[in-house]
Amino acid sequence: MGKTVRDHLVDALEELAQDEFKRFKSKLNVFPVKEGYSNIPRGRLEKADVLDVCDKLISFYREEYAVELTVEILIDINQRDVADRLLKAIGTGFGGKGQQPGPSNGATGKEEGHFVDRYRVQLIQRTTPVEPILDLLHGTVLDDEQYQNIRGGSTSQDKMRKLYLLMPSWNKECKDQFYEALKAKNKFLIQDLERS
């Protein structure tokens, strides 16, 4: 049986030295979180060890957002290498299944969900610039208001997060168009994710 998301989070946080782990917990208490979520109270984090912190991450934020938030905080405390290893482990280890290479499976893999869902965290972190992708989606997937709202994001990650907030209302064709736009404008990133 493959590793769970919790296992991967534990592995990542166990790589941190004691003072780095302390900084991670301190950031976790104040780091800006998505609408609908709240920070883990400081009192619950002070004496928490790695296993406790991972349990709290998953119970407060669910698996997908727990990974995204962990990656963002690791990058914020200058632990990008640990963040990259976590993303790589999650990319190939989600649910213990390897990814299917190849463009058709990459876009529509039946067992594992759509490419843009499976690689949400990586795409949010690594897609830059976002505007050319928005231009390709404007008028088909995005209306004028959505397009302007997303373009108003301050960073590439912020723009991608706003784009992903719309995704629950998308059908498979919308996701396919998003995938094709990513492939057209970020060819090497998509190839890297499909190979991982």
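On a predicted model such as this, the values are computed, not experimentally measured, just so you know.
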inquiry  = Tell me whether Asp81 is salt-bridged to Arg85, with the criterion being a basic N under 4.0 Å from an acidic carboxylate O.
reply    = yes
Notebook entry, point to check: Taking NZ, NE, NH1 and NH2 as the nitrogens, is one of them in Lys47 or Asp52 under 4.0 Å from a carboxylate oxygen of the other?
Noted result: no
| said: In this structure, would Leu189 and Leu182 fall into the same cluster of hydrophobic residues linked by side-chain contacts under 4.5 Å? | reply: yes
Contacts of Asp49 meeting salt bridge (Lys or Arg N to Asp or Glu O under 4.0 Å) (sequence neighbours excluded), chain-then-number -> none
Handout entry: Any side-chain donor near an acceptor of the partner, His138 and Asp144, under 3.5 Å
Key = yes
Quiz item: Salt bridge or not for Arg126 and Asp192, using N-O below 4.0 Å?
Solution: yes
Thinking salt bridges, do Asp176 and Lys172 make one under a 4.0 Å N-O criterion? yes
Worksheet item: Does Tyr179 reach the main-chain N or O of Phe115 with its side chain, forming a donor-acceptor pair under 3.5 Å?
Response: no
Between the main-chain N or O of Leu28 and the side-chain N or O of Asn39, is there a donor-acceptor pair closer than 3.5 Å?
yes
- Task: Walk me through it: do Phe60 and Tyr37 pass the test ring-ring contact (aromatic ring centres under 6.0 Å, His included)?
- Result: CA-CA 8 Å; Phe60 267 72; Tyr37 293 98; 9.6 Å; no
(message) If hydrophobic clusters are built by linking Ile, Leu, Val, Met, Phe, Trp and Tyr wherever their side-chain heavy atoms come under 4.5 Å apart, do Tyr164 and Leu136 end up in the same one?
(response) no
Does the distance from a Lys or Arg side-chain N to an Asp or Glu carboxylate O, for Lys25 and Glu46, drop under 4.0 Å? no
Presence of salt bridge, Glu63 and Arg6, under 4.0 angstrom
no
